[in-house]
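Note that the structure is predicted; figures quoted are calculated from it, not measured. Starting from 1, each residue takes its place in the sequence as its number.
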Amino acid sequence: MQLYRVQAIVLNSYEMRDAHRVLTLYTREKGKVRAVAHGVVKPTSKKRGAVQPFCHTDFLLRRGRELDSVSQCEGREIFPALWADLDLMSYAGHATGLVDRLTADGEPDENIFSLLLSLLRVLEKTKDPELVIRSFELRLVALLGYLPYLDGCTSCGEAMPGPDNYFSPWAGGLICRNCRTPGVAEYFCGREAVSVMKALLAWELATVERIRVTRQAGAQIKLIMTEYIKWLTERRSGPLEFLEKVRDYKT
Ligand SMILES: [Zn+2]
């Protein structure tokens, strides 16, 4: 019997038959881990709160042949405001979903753990979750090695922002009008959007809601980050799946 302790944020919690739950955890010590919690959905169970999504919990896990299981758990922070507001809950769910999709099992990254924990703490108090989430997305992709290049054209090197800037998910940053590739999806990114994206990366997460942004620039950044993350997710799904997609496309 092998037991180990982790500090974790619950990314997902799926209810199974017989009152079991399968949890996806992002742990400080071991990265993403899946574990089964036996009997936790019974109303009498003390573990119940600590295994809900977004909860910051100490776990004692037991190594299993296929899945590890929860031996003990104790919630540190349960973020009640996120559970009381449907909008905040969906923002928190978006963030935990991104960490789940963009990280591999068993690859620890203390910075990602701290970023997600900070995000949940800031969401719990914020009045403008939209900018907080954009900042989280930018920081997460940066930690994964995909910091967007925002100082010049990724192709010709021309200093930017200029009058006409686009963002290329494929190139991982800005691209000028002359370097745009026909048929490749690139997204308009005005001067304001560029400077707000820089501020979202530079300012403390707890202060980004003070950044002033027009609706137009906010919409540009949202589209850019959605498409950039979609591109990264497809890239991470692996060369085999990619080849299958190409094959499906051809036939
Ligand atoms: Zn260029």
Undergrad: Looking at Arg76 and Asp58, is there a salt bridge between them, counting it only when a charged N and a carboxylate O are closer than 4.0 Å?
TA: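 Salt bridge: yes.
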
Undergrad: More than 12 heavy atoms of other residues, nucleotides or ligands under 6.0 Å from CD1 of Ile78: yes or no?
TA: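 Check fails, neighbour count at 12 or below.
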
Undergrad: Verify the cluster assignment for Val194 and Tyr166: are they in a single hydrophobic cluster under the rule of side-chain heavy atoms below 4.5 Å apart?
TA: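 Not linked; separate clusters.
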
Undergrad: Between Val132 and Val99, is there shared hydrophobic-cluster membership here, with clusters defined by ILVMFWY side-chain heavy atoms closer than 4.5 Å?
TA: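 In one cluster: yes.
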
Undergrad: Is it true that Thr214 and Glu192 share a donor-acceptor pair across their side chains at a distance under 3.5 Å?
TA: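 Note: Glu192 and Thr214 side chains meet the donor-acceptor criterion.
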
Undergrad: Give a yes or no on whether a salt bridge exists between Lys222 and Glu130, defined as a side-chain N under 4.0 angstrom from a carboxylate O.
TA: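 Between Glu130 and Lys222 there is a salt bridge, with a charged N closer than 4.0 Å to a carboxylate O.
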
Undergrad: For the CD atom on Glu74, are there more than 12 heavy atoms of other groups (residues, nucleotides or ligands in this structure) within a distance under 6.0 Å?
TA: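 No, not enclosed.
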
Undergrad: Establish whether Val184 and Ile224 are linked, either directly or via other cluster members, by ILVMFWY side-chain heavy-atom contacts under 4.5 Å.
TA: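 Different clusters: Val184 never reaches Ile224 through Ile, Leu, Val, Met, Phe, Trp or Tyr contacts under 4.5 Å.
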
Undergrad: Looking only at non-hydrogen atoms, find the nearest pair between Glu107 and Tyr26 and report the distance.
TA: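 Glu107 and Tyr26 have their closest heavy atoms at O-OH, 3.8 Å.
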
Undergrad: Should Val122 and Leu140 be counted in the same cluster of Ile, Leu, Val, Met, Phe, Trp and Tyr side chains packed under 4.5 Å apart?
TA: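 Result: yes, single cluster for both.
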
Undergrad: Side chains of Val36 and Leu23: closer than 4.5 Å at any heavy-atom pair?
TA: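 No. Closest side-chain heavy atoms not under 4.5 Å.
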
Undergrad: Would you indicate whether Glu29, at its atom CD, is surrounded by more than 12 heavy atoms from other residues, nucleotides or ligands within a distance under 6.0 Å?
TA: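 Enclosed: over 12 neighbouring heavy atoms sit under 6.0 Å from CD of Glu29.
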
Undergrad: Answer with yes or no whether the side chains of Glu15 and His20 bring together a donor and an acceptor at under 3.5 Å.
TA: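 There is no such pair (donor and acceptor under 3.5 Å, judged by atom type) between the side chains of His20 and Glu15.
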
Undergrad: Lys32 versus Leu25: any side-chain heavy-atom pair under 4.5 Å?
TA: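 Contact flag for Lys32/Leu25 side chains = no.
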
Undergrad: Kindly compute the distance separating CG (Asp164) from CD1 (Ile175), expressed to the nearest 0.5 Å.
TA: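 Here the rounded value is 12.5 Å.
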
Undergrad: CD/Gln52 to CH2/Trp83 distance, rounded to the nearest 0.5 angstrom?
TA: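 Rounded to the nearest 0.5 Å, the CD-CH2 separation comes to 4.5 Å.
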
Undergrad: On the six-membered ring of Tyr14, is Arg21 placed so that its NZ or CZ lies under 6.0 angstrom from the centre and within 45° of the ring axis?
TA: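 No - Arg21 does not lie over the ring of Tyr14 by the 6.0 Å and 45° rule.
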
Undergrad: Has the side chain of Glu110 got a donor or acceptor atom that lies under 3.5 Å from a matching backbone atom of Arg28?
TA: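 Not at all, since once roles are kept as given, no pair shorter than 3.5 Å links the two residues.
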
Undergrad: Determine the minimum heavy-atom distance between Ser13 and Val51, stating which atoms define it.
TA: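 Closest pair (atom of Ser13, atom of Val51, distance): OG-O, 3.3 Å.
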
Undergrad: Identify, with sequence neighbours excluded, every residue that meets side chain to side chain donor-acceptor pair (under 3.5 Å) alongside Asn12.
TA: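 Asp100.
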
Undergrad: So which heavy atom on Thr57 is nearest to which on Ala50, and how close?
TA: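 Of all heavy-atom pairs spanning Thr57 and Ala50, the closest is OG1-O, 2.7 Å.
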
Undergrad: Do any N or O atoms from the side chain of Thr96 and from the backbone of Gly93 form a donor-acceptor pair under 3.5 angstrom?
TA: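 Yes, the answer is positive, given that a donor and an acceptor are paired below the 3.5 Å cut-off.
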
Undergrad: Give the minimum heavy-atom separation between Lys30 and Val6, together with the two atoms involved.
TA: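 In this case the closest contact between Lys30 and Val6 is CD-CG1, 4.4 Å.
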
Undergrad: Checking Glu227 against Tyr187: is there a side-chain donor and acceptor pair closer than 3.5 Å?
TA: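 Glu227 and Tyr187 do have a side-chain donor-acceptor pair below 3.5 Å.
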
Undergrad: Side chains of Ile133 and Met225: closer than 4.5 Å at any heavy-atom pair?
TA: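 A side-chain contact is absent here, since even the closest heavy-atom pair is not under 4.5 Å.
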
Undergrad: Between Arg34 and Asp68, is there a salt bridge with N-O shorter than 4.0 Å?
TA: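 No salt bridge links Asp68 with Arg34.
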
Undergrad: Partners of Glu204 by side chain to side chain contact (heavy atoms under 4.5 Å, CB included), sequence neighbours excluded?
TA: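 Checked Glu204 against side chain to side chain contact (heavy atoms under 4.5 Å, CB included); matches are Thr207.
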
Undergrad: Under 3.5 Å, is there a donor-acceptor pair between the Arg139 and Ser135 side chains?
TA: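 Per modelled atom types, Arg139 and Ser135 side chains form a pair under 3.5 Å.
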
Undergrad: With side chains defined as the heavy atoms from C-beta onward, is the minimum distance between Ile229 and Glu137 less than 4.5 Å?
TA: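 In contact.
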
Undergrad: Decide yes or no for Met160 and Asn165: does some side-chain heavy atom of the first lie under 4.5 Å from some side-chain heavy atom of the second?
TA: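 Yes. Closest side-chain heavy atoms under 4.5 Å.
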
Undergrad: Can you name the nearest heavy-atom pair linking Ala217 to Val213, along with the distance?
TA: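 Heavy atoms only, the tightest pair is CB-CG2, 3.8 Å.
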
Undergrad: What about Tyr228 and Phe167, are their ring centers closer than 6.0 Å?
TA: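 Yes; Phe167 has its ring centre under 6.0 Å from that of Tyr228.
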
Undergrad: Looking at every non-hydrogen atom in both residues, tell me the closest pair between Pro108 and Gly106 and how far apart they are.
TA: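 What the structure gives for the nearest pair is CD-O, 3.4 Å.
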
Undergrad: Under 6.0 Å from the ring centre and within 45 degrees of the ring axis: does the NZ or CZ of Arg121 meet both conditions for the six-membered ring of Phe79?
TA: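 No.
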
Undergrad: Below 3.5 Å, can you tabulate the donor-acceptor pairs from side chains in residues 142-156 to any protein atom, sequence neighbours excluded?
TA:
residue: Tyr146; atom: OH; partner: Arg235; partner atom: NE; Å: 3.2
residue: Asp151; atom: OD1; partner: Lys198; partner atom: NZ; Å: 2.9
residue: Thr154; atom: OG1; partner: Leu174; partner atom: O; Å: 2.8

Undergrad: Give the cluster check for Phe188 versus Trp170: same hydrophobic cluster or not, with ILVMFWY residues linked at side-chain heavy-atom distances below 4.5 Å.
TA: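 No: no chain of side-chain contacts under 4.5 Å links Phe188 to Trp170.
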
